> 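Take this structure, written in structure tokens, and hold onto it; I'll ask about it next.
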Number of protein chains: 2
Amino acid sequence: MSRRDRPAKPALSQETIVDAAMVLLDADGLDGVSMRRVAQALDTGPASLYVYVRNRDELIGLLIDRIAGTITLPVVGPDTDWREQLIELMLNGIKALGRYPGVAVAMFANVPDSPNALALTDALLGLLTQGGLSRQARAWAVDLLALYIVAAGTEETLHAQRGTEELRKTDVHRGAREVFAGLPAEQYPNITDLHEELTYGTAEQRTRWSIDVMINGILATDAKPS
Amino acid sequence: MSRRDRPAKPALSQETIVDAAMVLLDADGLDGVSMRRVAQALDTGPASLYVYVRNRDELIGLLIDRIAGTITLPVVGPDTDWREQLIELMLNGIKALGRYPGVAVAMFANVPDSPNALALTDALLGLLTQGGLSRQARAWAVDLLALYIVAAGTEETLHAQRGTEELRKTDVHRGAREVFAGLPAEQYPNITDLHEELTYGTAEQRTRWSIDVMINGILATDAKPS
DNA sequence: ACCTGAACACCGTTCAAGT
DNA sequence: ACCTGAACACCGTTCAAGT
């Protein structure tokens, strides 16, 4: 309880603050990362944090950069398959974001200007260049792919959050299928007709298909449509 | 200030609660819709709301359904252009979500099981059927398209929120371009190379291109990839 | 059944005062 | 310069008590 019972009483700094926040994020998701809880973990009052961090939003930005840094970027060689690497990179990004409930949502807010987020964007662009796309197609494509990574990551974390909360026994798919199947056919003819197909496949299969669709679409679409 | 100065002192009900919440949403975005503020607008205490609404999440769900109801669904005729209608429907959806800061994000959380959200899904499926897609392709495609609508809507509202806050003078594009242009070329070669293209085009142009890409991709992709 | 005052357990952020 | 106690202005939700 007293000072000397603690490991090493780290001096306050932006890094130690982000470290502490990361521990809380791991345990309780972004909702668990409050200024007060971070301060408590560091054995101070919340006001002390504001010396090293402008506000909670900036702290979240720093967490995002940490997470973005864990995504392994592809090593581009002379005869690597750009398409397979692109898919792999996107799946890695989605998985990384999926690990931390609430973080991906926060990425919608700002242009990703943190070092690790920029590195990811640059890597995506590099792979698209290998794909032989026009300059404008590459530029617009990276926007779409980045949006998808964030969106798919968000979906994953929020489903996970729900899952732990209440209905982990009946998995989401089964639940959704029954909802779809039980709908009035006159009102929603297309949904009821396809209720089996709508819930078919694992999350990874479905994500892979979506990524495939986008790559095929990018290759097939001129960068300046009518 | 007293009772008789007010219009008609509406009796409390789920509908009046959602009405009041909608007014707050319009004025201040989802952050402005707190149980306490809604109660205040209805001249009661927050506890009273819990008779008609399980919790804030359910209230938000009701708001989402209201907004989904404002999206005009396409009237399918014998010789209408399914592709153009699909694009139009998606743009309408994105615009509807874009009007209310914070709402689109909330849609990631749950499978959209509200009447109006289901109607939108059914309409999308109908158009995809007209496009001659296989059953499985339609089912997976509607997932991807719905995810994009929510993601693009989220992006729009959050940018709008930021915009009103601080930097409305220098628009986002100009800001982003300068950020990209000023980056170290050794570290981010692809971004700096394409910094002009990365910020080229209006939001609608870019969105249209993305939708085009997805439709082309869906048409080109078998529903059961390796 | 419906409504409510009061409380519980939290938030982010600021600011004057201390060292 | 860094740190902090205390306060300000909020939250969602519950619950006993009233009508």
Side-chain angles (χ1 to χ4, degrees), chain A residues 2-3 6 8-21 23-25 27-64 101-103 105-106 109-110 158 161-162 165-166, chain B residues 2-3 6 8-21 23-25 27-64 101-103 105-106 109-110 158 161-162 165-166:
Chain A
S2 83
R3 282 281 160 75
R6 297 180 170 282
K9 64 185 161 103
L12 225 50
S13 71
Q14 193 176 83
E15 213 193 319
T16 58
I17 289 171
V18 178
D19 285 343
V23 172
L24 291 173
L25 178 64
D28 303 310
L30 197 61
D31 287 347
V33 182
S34 70
M35 299 300 275
R36 295 175 113 102
R37 295 229 294 153
V38 171
Q40 198 179 41
L42 293 168
D43 216 7
T44 24
S48 305
L49 306 181
Y50 289 82
V51 178
Y52 303 97
V53 135
R54 197 194 316 277
N55 50 33
R56 185 169 181 259
D57 274 2
E58 186 173 304
L59 176 56
I60 292 174
L62 294 168
L63 289 173
I64 289 174
V103 171
V105 210
N110 35 21
L158 292 193
Q161 231 170 355
R162 285 246 146 182
E165 258 171 36
E166 15 178 318
Chain B
S2 82
R3 283 280 160 75
R6 296 179 171 281
K9 64 186 161 107
L12 224 52
S13 72
Q14 194 178 81
E15 213 194 320
T16 58
I17 289 171
V18 179
D19 285 343
V23 172
L24 292 173
L25 177 64
D28 304 310
L30 198 61
D31 288 347
V33 183
S34 72
M35 299 300 275
R36 295 176 112 100
R37 295 230 294 153
V38 172
Q40 200 180 39
L42 293 168
D43 216 7
T44 23
S48 304
L49 306 180
Y50 288 82
V51 179
Y52 303 97
V53 135
R54 200 195 313 278
N55 51 34
R56 184 169 181 260
D57 275 2
E58 186 174 304
L59 176 56
I60 292 174
L62 294 168
L63 289 173
I64 289 173
V103 171
V105 209
N110 35 20
L158 292 192
Q161 231 170 357
R162 284 246 146 182
E165 258 171 35
E166 13 179 318

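Computed from a predicted structure; not experimentally measured. Here is the naming used below: chain letters follow the sequence lines, and residue numbers restart at 1 for every chain.
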> With sequence neighbours excluded, tell me which residues meet side-chain contact (heavy atoms from CB on, under 4.5 Å) with B/I64.
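side-chain contact (heavy atoms from CB on, under 4.5 Å) list for B/I64, sorted by chain: B/I60, B/V103, B/A106, B/M107.
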
> Check the phosphate of C/dT4 against B/S48, side-chain N and O only, distance under 4.0 Å to OP1 or OP2. Yes or no?
yes

> If the condition is side-chain contact (heavy atoms from CB on, under 4.5 Å), which residues does A/V38 pass it with, not counting sequence neighbours?
A/I17, A/A20, A/A21, A/L24, A/V33, A/L42, A/L49, A/L59

> Whole angstrom is fine here: how far is it from CG in B/D31 over to P in C/dC11?
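In whole Å, C/dC11 P and B/D31 CG are 17 Å from each other.
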
> Between D/dA16 and C/dC3, how far apart are the C1' atoms? Round to whole Å, please.
13 Å

> Polar atom pairs between nucleotides 12-16 of chain D and protein, under 3.5 Å, N or O only, would you list them?
unit_1 : atom_1 : unit_2 : atom_2 : d
D/dG12 : OP1    : B/M35  : N      : 3.1
D/dG12 : OP1    : B/R56  : NE     : 3.3
D/dG12 : OP2    : B/M35  : N      : 3.0
D/dG12 : OP2    : B/R36  : N      : 3.4
D/dG12 : N7     : B/R36  : NH1    : 2.5
D/dG12 : O6     : B/R36  : NH1    : 2.8
D/dT13 : OP2    : B/Y50  : OH     : 2.9
D/dT13 : OP2    : B/R56  : N      : 2.9
D/dT13 : O5'    : B/Y50  : OH     : 3.4

> Do side-chain atoms of A/Q14 reach the backbone of A/Y52 as a donor and acceptor pair under 3.5 angstrom?
yes

> Using the C1' atoms only, state how far C/dC2 lies from D/dA17, rounded to an integer number of Å.
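My reading of the C1' atoms in D/dA17 and C/dC2 gives 13 Å.
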
> Between A/G45 and B/G32, which is nearer to the 5' end of DNA chain D once each is assigned its nearest nucleotide?
A/G45

> In whole Å, what separates the C1' atom of D/dC8 from that of C/dC11?
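Taking atom C1' in both D/dC8 and C/dC11, they lie 12 Å apart.
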
> Mind pulling the stems DNA chain D is in, i.e. runs of at least three Watson-Crick or G-U pairs, everything under 3.5 Å?
C:4-8 with D:12-16, C:12-16 with D:4-8

> Please lay out, stage by stage, how A/L30 and A/L63 fare under the test side-chain contact (heavy atoms from CB on, under 4.5 Å).
CA-CA 10 Å; A/L30 197 61; A/L63 289 173; 4.2 Å; yes

> Rounded to whole angstroms, how far apart are CG on A/L42 and P on D/dT4?
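So the CG-P distance, A/L42 to D/dT4, works out to 10 Å.
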
> Quick one: closest heavy-atom pair of B/S34 and B/R56, and the distance?
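It is CA-NE, 4.3 Å.
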
> Using atom CG of B/L12 as one end and atom P of C/dA1 as the other, report the distance to the nearest whole Å.
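Going from B/L12 (CG) to C/dA1 (P), I get 17 Å.
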
> Report the residues that fulfil salt bridge (Lys or Arg N to Asp or Glu O under 4.0 Å) with B/R37, sequence neighbours left out, ordered by chain and then residue number.
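Here the qualifying residues are B/D28.
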
> Mind checking side chain to side chain donor-acceptor pair (under 3.5 Å) for B/N55 and listing every partner two or more places apart, or none if nothing turns up?
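For B/N55 there are no side chain to side chain donor-acceptor pair (under 3.5 Å) partners, ignoring immediate neighbours.
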
> Enter the distance from B/D57:CG to B/L62:CG here, rounded to the nearest 0.5 Å.
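One finds 11.0 Å between CG of B/D57 and CG of B/L62.
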
> Check this for me: A/E15, atom CD, are more than 12 non-hydrogen atoms of other residues, nucleotides or ligands nearer than 6.0 Å?
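Check fails, neighbour count at 12 or below.
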
